Amino acid sequence: MTASIARRLQHAVYGGPEVLELAELPLPEPGPGQVRVRIHAAGVNGLDSKMRQGLFAPGQAAPAEPASLGIEMAGVIDALGPGASEWSIGRAVLGRTAALDAIATHALAPADAIVAKPDALTFEQAAALPIATETAYRTLRQLGLRAGQTLLVHAAAGGVGIMAVQIARTWGATVIGTASEANHAFLREIGATPVTYGDGLAERVRAVAPRGVDAVLDGSGRDVLPLSIELTGNPAKVITIADLDSARHGVHFSTEALPIPHVMAEVLPLIESGRIRMPVEAVFPLEKAPDAYRRLDLGHLRGKIVITTA
C-alpha cells in the first residue's frame, strides 16, 4: 500500500460478516470544513450490522454500489480542507466521520465533529467513546432525566447502556439495568442495580424500585416497550435506540445526533478523572474485521468492540 492509497472495509451485497471485504481506494481529499484522519482505531456498532444485513433496504439483495461501515474513530489528522484552520496536521483526535466509512485506514471528518484526544486515552479507548457517549447523553437529555429520579436501562452492559448508567449516576439519578447474570457484578461496580431480563422482568423491576420508574432507555430492542410503558405509565417517558417497531407503541426512536464537541465538553472530563469508563470488550485488526462483526452479532457484550487500522 502506498501513501496515496487507503484501505476500507466494505460489502457489495447484504448478508452476514462473510460479505465484508477490504478494498483499496485513492486517499480521500478533505473538502471545505473537513479534515482527513489517519485512523488508528474505529468503533464497531450495532447500526453497522443492521446496514450490512440490509435491514434498511427491505427486498434488496445489494446496495447500489459497495457500502462502507463505521462512523466513530480515533486517529491523527493528516490533511486539512479549506476552513478547518482550527486544527493542525499531526493532532490526535476522536469523533465522527463525515460518512459511514470509519472502518478504514483514512476517512474524512467534519472539523466540528471531532475533539482532541486526551493523552491519557489510547486510540482504542478513544475510538470506543463517540457514538455510545453521544447516544447515551442525548437520550437522557431527551428523557429529561434529573437528580432523584429512577432510570431503567435495557441492555445496560452494552456500550450505550454503560455510558447511560454512569452519566445518569453523575446527574444524581438512581439506575436499574437489565443484563444477563454474568454482567450483574459489573453493573453494580458502575452504579446500577442489576435485574435479569426475560419473563417476570416487570415484577423484578418493581421489587427494586417500589416507588416506580421515571424513565426508560431501551438499548436492547427485545420487545420491551410495552413493559416499559407499563412501568412508567407514559410512552413519552420511554426512548428506544434499538426497536424499529417503536412507532406502533407511541415511543420515540432517537436518532437526532448532538454535536460531539458539545457532548464531550461535559463527559470527557468525567472520563479523564476516572468517574466514567468505557470497557473495550475486544480489539481486532482491520484484516480480521469480519471476526469483529461476528463477535458483535453474538451479543452479550460488556462495552465496545474496536478495530485497529494502524
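Note that this is a predicted model, so its numbers are computed, not measured. The chain is numbered in sequence order, starting from 1.
- In this structure, the ring-ring contact (aromatic ring centres under 6.0 Å, His included) partners of His40, at least two apart in sequence or on a different chain, are Phe123.
- Lys304 pairs by the side-chain hydrogen bond (donor to acceptor under 3.5 Å, both in side chains) definition with Asn45, Glu72, not counting sequence neighbours.
- Applying the salt bridge (Lys or Arg N to Asp or Glu O under 4.0 Å) test to every pair with at least one member in residues 228-250, sequence neighbours left out, gives these pairs: Arg206-Glu230, Asp245-Arg248.
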Please tabulate, one pair per line, all N/O donor-acceptor pairs under 3.5 Å involving side-chain atoms of residues 77-87, not counting sequence neighbours.
from	atom 1	to	atom 2	distance (Å)
Asp78	OD1	Arg36	NE	2.8
Trp87	NE1	Ala111	O	2.9

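- Counting Ile, Leu, Val, Met, Phe, Trp and Tyr side chains that sit under 4.5 Å apart, directly or through other members, Val280 shares a hydrophobic cluster with Val283, Val306.
- With no hydrogens or angles considered, no side-chain donor-acceptor pair links Asp101 and Ser68 at under 3.5 Å.
- Counting only heavy atoms from C-beta outward, the side chains of Asp218 and Ile239 never approach each other to under 4.5 Å.
- With hydrogens and angles disregarded, a donor-acceptor distance shorter than 3.5 Å links the side chain of Thr122 to the backbone of Gln125.
- Judged as a side-chain hydrogen bond (donor to acceptor under 3.5 Å, both in side chains), and not counting sequence neighbours, Ser246 has no contacts.
- Considering only residues two or more places apart in sequence or on other chains, Arg141 meets the salt bridge (Lys or Arg N to Asp or Glu O under 4.0 Å) condition with Glu266.
- Proximity of Gln149 to Thr174: side-chain heavy atoms (C-beta onward) are nowhere separated by under 4.5 Å.
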Side-chain donor-acceptor pairs of residues 284-295 under 3.5 Å, sequence neighbours excluded:
from	atom 1	to	atom 2	distance (Å)
Glu287	OE2	Arg7	NH1	3.0
Glu287	OE2	Arg7	NH2	2.9
Asp291	OD1	Arg294	NH1	2.7
Tyr293	OH	Asp48	OD2	2.8
Arg295	NH1	Gly299	O	3.0
Arg295	NH2	Glu281	OE2	2.8

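- The pair Asp297-Arg52 meets the salt-bridge criterion, since a charged nitrogen lies less than 4.0 angstrom from a carboxylate oxygen.
- In this view, Ser228 and His154 satisfy the side-chain hydrogen bond (donor to acceptor under 3.5 Å, both in side chains) rule, not counting sequence neighbours.
- The list of salt bridge (Lys or Arg N to Asp or Glu O under 4.0 Å) pairs with a residue in residues 8-17, not counting sequence neighbours, is empty.
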Going by atom type alone, with no hydrogens or angles, which donor-acceptor pairs under 3.5 Å involve a side-chain atom of residues 175-182 and a protein atom two or more places apart or on another chain?
from	atom 1	to	atom 2	distance (Å)
Thr178	OG1	Ala155	N	3.0
Glu181	OE2	Thr196	OG1	3.1

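- For Thr308, there are no side-chain hydrogen bond (donor to acceptor under 3.5 Å, both in side chains) partners at least two apart in sequence or on another chain.
- Side chain of Arg302 to backbone of Gly158: no donor-acceptor contact under 3.5 angstrom is found.
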